[in-house]
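One structure is given below, encoded as structure tokens.
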Amino acid sequence: MPTTVYDPPELAPGTLRIIPLGGLGEVGRNMTVFEYEGKLLIVDCGVLFPEEHQPGVDLILPDFEPIKSRLDDVVAVVLTHGHEDHIGAVPYLLKLKNDIPLVGSGLTLALIEAKLKEHRIRPFTLTVAEGQKEQMGPFDLEFVAVNHSIPDALAVAIRTPAGTALATGDFKMDQLPLDGRITDLRTFARLGEEGVDLFLVDSTNADVPGFTPLEREIGPVLDQVIARAPRRVVVASFSSHVHRVQQVLDAAAAHGRRVALLGRSMVRNMTIASDLGYLKVPDGVLIDYKKAKDLPDDKIVYMSTGSQGEPMAVLSRMANLDHAIEPGPGDTVILASSLIPGNENAVYRVIDGLTKLGAHVVHKGNARVHVSGHAAAGELLYCYNIVKPRNVLPIHGEYRHLMANAKLAQDTGIDPERTILGENGTVIDLRDGDAHVVGQLDLGFVYVDGSTVGEITDADLKDRRILGEEGFISVIVVVDAATGRIISGPEIHARGFAEDDNVFESVKPKIAAALEEAAKSGVRDTHALSQVVRRTIGRWVNQSLRRRPMIVPLVIEA
């Protein structure tokens with residue numbers, strides 16, 4: 001069913017309003033706005049990566065429109081952890097107002113500060129740790145340790161006189177994590193005892209039964225694969241997955257290999273993680289990429305970006321032989337990450353390309369080289385039983401994930417009317433323990449395309465898809481301004497057609513006849529004549545060549 005857009009009422013005194021601007025119905029661009037007594041608190045501000053039907057787009061941002069005129073009311077942006085889908089849109093928000101305070105853990109803030117440096121923005125930051133409490137305007141915040149696929153992740157409890165909300169951020173419940181930092185269920189239970197009025201819960205793995213496997217199960221598998229590899233090893237992962245890089249460094253050191261980091265974001269993030277003590281680099285293991293080429297093939301591991309099949313990332317360029325490292329027989333490539341929904345085709349294309357070149361490709365489908373960073377259904381059930389929230393808002397996931405998460409909440413006894421299946425722009429008001437949907441904003445996608453932000457429209461993307469899939473035809477005709485008769489042309493040029501341009505000879509008389517007919521009817525406007533040309537050639541191409549190309553007619557008066 002299409003979304004019914006309707007404006008919320010004016011916010012009543014003593015009421016907490018919650019508006020997700022991104023992250024509901026998609027895996028990415030997570031952003032939620034909390035409003036109380038005229039002040040706004042933002043939790044996360046991430047990006048969504050484009051899919052194949054969005055050609056040329058670099059990133060997709062949350063729609064800031066509902067808060068653009070109220071940036072002076074924003075008391076802080078709380079960042080739960082350092083993944084791009086939670087911090088990537090911060091530079092674009094701070095370009096609108098650069099003094100909004102950023103609140104997060106040490107690693108999270110270090111990662112966003114490095115990103116902001118590239119945008120020439122120096123942020124105001126407040127570093128927090130688990131157990132810490134901070135007052136930001138009317139919002140009393142408490143930070144809770146959660147375990148995820150990046151160190152230093154935090155959940156945040158938001159207390160106001162209207163009620164308490166608990167946002168998990170991305171989390172799982174690995175009981176034997178590599179860094180010893182588990183999700184703090186004792187604090188979750190204490191908050192539950194105090195009363196959690198709205199529980200905003202990560203839904204990414206809500207439709208996966210059981211429990212997410214332990215992170216430590218990956219190490220031995222990576223160790224085995226690297227031990228058996230006869231030549232070079234390339235491991236692709238997210239550039240912020242510190243735990244995975246740690247496991248690769250340890251396995252390489254154990255088998256006498258050096259590690260070279262590939263990709264600007266990988267080098268930047270791992271330098272930060274190492275400087276802050278989150279990444280323990282064994283002595284002598286890291287080597288500069290340029291020097292790595294001098295090592296024997298069985299003494300090197302390349303740690304790269306591109307595990308999602310991104311066209312410009314290192315791994316895709318390797319598969320296309322567009323990189324200095326050209327994979328071949330005897331090389332081993334490990335894709336140590338999950339598949340983000342929508343990226344499947346791109347990833348399998350890279351796997352096929354590498355396999356064709358003779359490389360042995362190890363991925364989640366044929367070996368346990370990755371475990372998810374998100375809680376599966378069994379873990380979420382534990383959380384609901386521990387917290388016993390009054391109301392639940394599943395967040396972070398596509399619609400099927402949100403639905404599965406709502407069902408889990410209901411299985412633990414939460415009233416279906418208190419499990420809110422929202423979407424981006426759903427307005428929820430919380431007061432006296434009751435949460436109700438009171439509005440639905442009309443939000444769109446904001447595309448970053450090169451140096452432009454928000455200027456590319458869905459119509460532009462449609463044009464790009466047509467150009468890429470159906471081809472392009474230009475038609476130039478010169479007509480007499482007084483009579484409308486053709487003086488020169490039609491001159492037809494086509495791109496993206498298998499047929500020779502000569503195939504269009506048979507349509508030229510049809511165009512001439514249509515223009516003559518229009519001229520007889522008194523049509524002289526060049527725009528109207530251009531539309532006559534467009535309709536005539538469009539109909540002919542559709543019938544004769546079974547194509548719907550982009551047609552650009554140009555009628556010139558002389």
For this session: Show your reasoning for whether side-chain contact (heavy atoms from CB on, under 4.5 Å) applies to Asp152 and Ile150.
Result: CA-CA 7 Å; Asp152 239 8; Ile150 186 171; over 6 Å; no
For this session: Carefully, step by step, assess Ile428 and Ile420 under the rule side-chain contact (heavy atoms from CB on, under 4.5 Å).
Result: CA-CA 9 Å; Ile428 299 143; Ile420 299 168; 3.9 Å; yes
Exercise. For Asp44 and Thr80, what are the C-alpha separation, side-chain angles and deciding distance, and is it a side-chain hydrogen bond (donor to acceptor under 3.5 Å, both in side chains)?
Worked result: CA-CA 6 Å; Asp44 289 326; Thr80 58; 2.9 Å; yes
Problem set entry | Intermediate values then yes/no, side-chain hydrogen bond (donor to acceptor under 3.5 Å, both in side chains), Asn205 and Ser372 | CA-CA 8 Å; Asn205 271 358; Ser372 176; 2.9 Å; yes
Exercise. Given Ser237 and Met303, is the side-chain contact (heavy atoms from CB on, under 4.5 Å) satisfied, shown in steps?
Worked result: CA-CA 8 Å; Ser237 177; Met303 186 78 222; 3.5 Å; yes
Problem set entry | Derivation and outcome, side-chain contact (heavy atoms from CB on, under 4.5 Å), residues Met403 and Arg400 | CA-CA 5 Å; Met403 182 72 99; Arg400 66 182 182 279; 5.6 Å; no
For this session: Check step by step if salt bridge (Lys or Arg N to Asp or Glu O under 4.0 Å) holds for Glu217 and Arg368.
Result: CA-CA 8 Å; Glu217 293 178 8; Arg368 181 160 282 177; 2.5 Å; yes
For this session: Assess whether salt bridge (Lys or Arg N to Asp or Glu O under 4.0 Å) is satisfied between Asp434 and Arg390, documenting all intermediate values.
Result: CA-CA 8 Å; Asp434 291 322; Arg390 292 190 181 94; over 6 Å; no
Problem set entry | Gln132/Glu130 under side-chain hydrogen bond (donor to acceptor under 3.5 Å, both in side chains): CA gap, chis, key distance, verdict | CA-CA 5 Å; Gln132 193 167 330; Glu130 55 264 31; over 6 Å; no
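No close placement of the His396 and His374 rings is indicated, their centers lying 6.0 Å or farther apart.
Tested against Leu40 for a side chain to side chain contact (heavy atoms under 4.5 Å, CB included), the candidates Ile19, Ile100, Val74 yield a single pass: Val74. No option in His243, Lys172, Arg181, His83 other than His83 meets the side-chain hydrogen bond (donor to acceptor under 3.5 Å, both in side chains) test with His148.
For residues 32-43, the pairs satisfying side chain to side chain donor-acceptor pair (under 3.5 Å) are Glu35-Arg70, with sequence neighbours left out.
Within the 4.5 Å cutoff, the side chain of Glu113 has no heavy atoms near those of the Arg122 side chain. Contact of the Lys95 side chain with the Ile121 side chain is registered, since non-hydrogen atoms from C-beta on lie closer than 4.5 Å. Counting heavy atoms from C-beta outward, Phe171 and Leu380 have side chains that approach closer than 4.5 Å. In this structure, Val201 and Asn405 have side chains that are in contact, with non-hydrogen atoms separated by less than 4.5 Å. Within the 4.5 Å cutoff, the side chain of Met136 has heavy atoms near those of the Leu126 side chain. In this structure, the side chains of Leu109 and Leu102 come closer than 4.5 Å at one or more pairs of heavy atoms. Residues Glu417 and His436 form no side-chain contact, since every pair of their non-hydrogen atoms from C-beta on lies 4.5 Å or further apart. By the 4.5 Å heavy-atom criterion applied to side chains, Ile351 and Leu335 are counted as neighbours.
Residues Cys383 and Leu185 approach most closely at SG-CD2, 4.3 Å, considering heavy atoms. Considering all non-hydrogen atoms of both residues, Pro389 and Val392 come closest at CG-CG2, 3.7 Å.
Rounding to the nearest 0.5 Å gives a distance of 14.0 Å between CZ of Phe188 and CG of Asn385. Separation of atoms CG (Leu107) and CG (Leu276) is listed at 6.5 Å; rounding is to 0.5 Å. The CG atom of Asn147 sits 11.5 Å away from atom CG of Asp170, with the distance rounded to the nearest 0.5 Å.
Ion pairing between a basic and an acidic side chain is recognised when a charged N comes within 4.0 Å of a carboxylate O; Glu10 and Arg17 show no such pairing. With salt bridges taken as basic N to acidic carboxylate O contacts below 4.0 Å, one links Arg159 and Glu142. Look at Asp197 and Arg431 and you find no salt bridge, because none of the NZ, NE, NH1 or NH2 atoms lies under 4.0 Å from a carboxylate O. Salt bridge status for Glu84 with Lys115: present, with a side-chain N to carboxylate O gap under 4.0 Å. Remark: Asp99 engages Lys97 in a salt bridge, criterion side-chain N to carboxylate O under 4.0 Å.
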Ignoring hydrogens and angles, write down the donor-acceptor pairs under 3.5 Å from the side chains of residues 437-444, residues two or more places apart or on other chains.
unit_1 : atom_1 : unit_2 : atom_2 : d
Gln440 : OE1    : Thr426 : OG1    : 2.7
Gln440 : NE2    : Asn424 : O      : 3.0

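With a 6.0 Å cutoff to the six-membered ring centre and a 45° limit on the axis angle, Arg29 counts as a cation-pi contact of Phe445.
A 6.0 Å sphere centred on CZ of Phe211 holds more than 12 heavy atoms belonging to other residues, nucleotides or ligands.
Between His81 and His86, the two ring planes are tilted [angle within 30° to 60°].
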